[in-house]
Asks: 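Have a look at this one.
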Amino acid sequence: MNDLVLKVEGLTTCFDTASGSLYAVDGVGFEICRGETLALLGESGCGKSLTAFSLMRLLPTRQARIAAGRVVLGGDDLLALPELRMRDIRGNRMAMIFQEPMTSLNPVMTVGEQIAEAVVRHGKLRGRALASRVIELLDAVGIPDAAQRSNEYPHMLSGGMKQRIMIAMALAGEPDLLIADEPTTALDVTIQAQVLELMRDLQRSKGMAILLITHDLGVVAEMADRVAVMYAGQIVEQAESRDFFASPCHPYSRKLFDSLPTIAKRHQPLAIIKGNVPPLTAAGYSGCRFATRCDMAKALCEGEIPQLQDAGPGRAVRCFAYDDRYRGQWGDGASAIIPAAAARPQQQESGADGGLLAVRDLKVYFKIQKGLFKRTVGHIKAVDGVSISIGRGRTLALVGESGCGKTTVAKAILQLQRPTSGSVLFNDVELTTLGGEALRRSRADFQIIFQDPYSSMNPRMLVGDIIQEGMIALGVEPDPKRRALKVDELLQQVGLPPEAKGRYPHEFSGGQRQRVCIARALAVNPKLIICDEPTSALDISVQAQILNLLQQLQRTTGVSYLFITHNLSVVAYLADEVAVMYLGRIVEQGRVSDVLTAPRHPYTQALISAIPVIDAGTRRETIRLEGDLPSPANPPTGCHFHVRCPQARPECSLQYPEAAILEDGRMVRCVLYPRR
Amino acid sequence: MLHFLASRLLSALLVIFGVSTVVFLLIHIVPGDPVEVMLGEASQAADREALRHALGLDLPLWTQLMNYYGHLLQFDLGTSLQSKRPIGDMMLEALPATAQLALAGMVVAMLVAFPLGILAAVRKDTPLDSGAMAFSMLGISIPHFWMGPLLILFFSLWLGWLPVSGRDDWASLVLPALTLGTGLAAILSRMVRASLLEVLGEDFVRTARAKGLSESRVVLRHALRNALLPVITVLGLQLGTLLGGAVITEIVFSWPGVGQMTIDAINRRDYPVVQACVLLISLSYVGINTLTDLVYAWLDPRIRLAEDS
């Protein structure tokens, strides 16, 4: 094809370690044409980012080396070029943007300088022409006040703005191919929607090819023309995006879909992928890499290595079920694959009795202090009048974008951060006035699980000690023998072997570590567990395991959850009620089924519309929010949302709207729904 | 900015007050008697008493301290018990010598340390790296009292290029500056290497490479400035130490600086001089620290803007 931009064949990249070579990318091949987007989809560690870095020949460590393959960009075999020629191609014909815009810009150079550098490197512009080119690029990526912004330093810009700067930098050389490595993973959904839209617009106007590396099926559905699924260093399925989402073929691809939480899967366990990714050692494989985790594996899968098989137009699958020679063993290949986990009979909406937690008008203000004598010159209103309640055995989800104050609410409930005012009534005890020993003793009743299981455990303590530390501190189980038994029981409850207690946190995978954190929280028999983004750092299939576990624990122990997240599909799957937070205040609150299917507040509507959806049939028009979250130190007057609200009216800036209770029992604070 | 300097001035005053009090008390606790040193052990008790009275050393400690503060407030450092000269004058002679040596040593250190540290970081795990770090280990291990005579032996006695000691012309500065500089360079080059290695692993370095920039531009323009921050801290502390007088080097080369003066004063129990020297050392630390913070703000816009807003 004439329009072919990039052709990759048999790309193999390995890490040389003391114990042999690890083939992290093993024989990867694909093509991308002009104006096309290919998504490389996979979970962490599958080799998708390393593939991208191999294309750029920017390997992360000295131990990594490209062992074999061809990478042809517009007629040049990149792997054969000397490094000096390769530098002319990087940032010019092939550019890259990264996952973390926060750390990917040099903090001590202005963004204008950093963009200009890329322009000068490949364009030889100078003086005024250079300055106007920089402004032109900033305009192209939708940065307002480009001339002024170009003199600012990265830390003065928001995450979304920084990613736009990264894109502007990548555009400097008018690249034929843009490699985007998880470009929106670190961003909020409304900002993600802006950045994805920008990438689509730029692709349309400049005709560049995009290699999109992501783990997010929703982003793939929104962006990609074609999809390549990677597993353990290999591409296991390649297909047109349409076909892929209509019927994923490889058993691994199917599992990915099945493990996604959705509202339709409520009250049934999510499909999980058993076991772990196999080690990528040089010894090689005698069979399919997915065989040990595959529900439909046959003897053949362990004994022979599958090749990519043609499975229809533009489609290839690395699975014997699609191989004409063996197809018979699975019956009619595609349909033989086990469907989503069978629905289990469930008690509907567990019987909720009286309230466990009632938070009334909670406010947390942080002082802004200045000068020699630390005068208080203002307040950051992190939480500005939040009222929520949770019943026993129920789950309330608190959703909102980063910086909206949701974690501060959690800390204030736990009295880890004393609230400025308001009341926190837990089990009919007022926590805000409780202090010292009484508060310490009551801590057994409310526990927290954090987002990052890697950093929330002391790396020098054994898992067993981590779990029993709380029991000792709170005197839950004073007898050492009984305590040891309880640790075993807890480990079993969270699905870990009893030997785990003698190991250190670093010996576990991310999902297993989060299980340890859950066991630690459970150890003191809490009535409420606050889960602060417990699955955000985890892969989809691991997230499914943790969600299943949380759900099962609620059934068996009757614990309540306050689930803090930005991931609305998790909310839809797990929570009973949801409260949507914007800039320190709750804008809408009600039953999950009501709020998520028919949002009323304009912010909730925008938030929900910004989530990339997989099912093309239900795709709706994204309500695009302009700009970023305003600063809580200086929030807009009246309704905090009115400056970004597509339906704002003049009166919105005057007064904070009163809470209106709608007919389905939900609370909305918006002038569109006047209080009756 | 003004706020910052004002707060630094305030802390300087606090430091002067604290340090001078502690030193004053400590000197009087330490055994030894200036009068005995001045008159000799065989002196008459009556003579000692007379001298003690003349110097005001027979007054209660509290009164002596108050007198000291009183003079300090008028910028009067007092007179040396030994030479009877105003201490201010002695300082004005010794300080330029010490400052000259300190700066020269610093320049030597930076000229050696930066290229060495950068090369070692960029060529990590190569013979160049191990060579540079072995050199630096040697530099740290060789004490000044050995390095100095070694240099004298080689350059002054064998080759006859440079003077053995004293402070006459520029040539006499070379050897003491080299002695000081190599030791410092050794520590500094390790800092540069470690700090640069850390920065080279950052995401923005990867971004710079992805732009197609040459390796030298990536290292010198993107990485080095970020790597400088921790190095500046060490540099500041070292300079503070040097300004207090590089005692050993000054003695080896008979360099008439503050270090030499301090040691003499301690040996002779010359209280006012010791106090003045210690005061000078602590003040130079406050000054250098302020300077370090200013350089920090200049290097890192995040700090700069946090101060302004």
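Quick note on labels: first sequence line is chain A, next is B, and so on, each numbered from 1. Treat the numbers as computed from the prediction; the structure is a model and nothing was measured.
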Asks: Can you tell which of A:H122, A:M96, A:E100, A:M86 has the highest number of heavy-atom pairs within less than 4.5 Å of chain B?
Replies: A:H122

Asks: Taking every heavy-atom pair that is under 4.5 Å apart, which of B:S214, B:G201, B:A208, B:A223 has the most such pairs with chain A?
Replies: B:S214

Asks: Does B:M66 CE have over 12 foreign heavy atoms under 6.0 Å away?
Replies: yes

Asks: What I want to check is whether the side chains of A:Q203 and A:T37 have a donor and an acceptor closer together than 3.5 Å.
Replies: yes

Asks: Does B:D300 come within less than 4.0 Å of B:R225, counting only side-chain N to carboxylate O?
Replies: no

Asks: Go through the atoms of A:E152 and report whether side chain, backbone, both or neither lie under 4.5 Å from a heavy atom of chain B.
Replies: neither

Asks: Sort A:L58 into side chain, backbone, both or neither according to what part of it lies under 4.5 angstrom from a heavy atom of chain B.
Replies: side chain

Asks: Which atoms of A:A118 are under 4.5 Å from chain B, going by heavy atoms: the side chain, the backbone, both sets, or neither?
Replies: both

Asks: Compute whether any side-chain donor of one residue and acceptor of the other, for B:N289 and B:T292, lie under 3.5 angstrom apart.
Replies: no

Asks: Does NZ or CZ of B:R206 fall inside the cone over A:F98's six-membered ring, less than 6.0 Å from its centre and within 45° of the axis?
Replies: yes

Asks: Closer than 4.0 angstrom, basic N to acidic O: yes or no for A:E117 and B:R217?
Replies: yes

Asks: Which atoms of A:M102 come close to chain B, meaning under 4.5 Å heavy atom to heavy atom: side chain ones, backbone ones, both, or neither?
Replies: neither

Asks: Shorter than 4.5 Å, heavy atoms on both sides: which option in B:K124, B:E215, B:R221, B:K211 has the most such pairs with chain A?
Replies: B:K211

Asks: Between A:R133 and A:E174, does any NZ, NE, NH1 or NH2 come within less than 4.0 Å of an OD or OE carboxylate oxygen?
Replies: yes

Asks: So what's closer than 4.5 Å to chain B heavy atoms on A:Q114: side chain, backbone, both or neither?
Replies: both

Asks: Hey, which of A:R87, A:R121, A:R57 has the most heavy atom pairs under 4.5 Å with chain B?
Replies: A:R87

Asks: What part of A:D88 lies closer than 4.5 angstrom to a heavy atom of chain B: side chain, backbone, both or neither?
Replies: neither

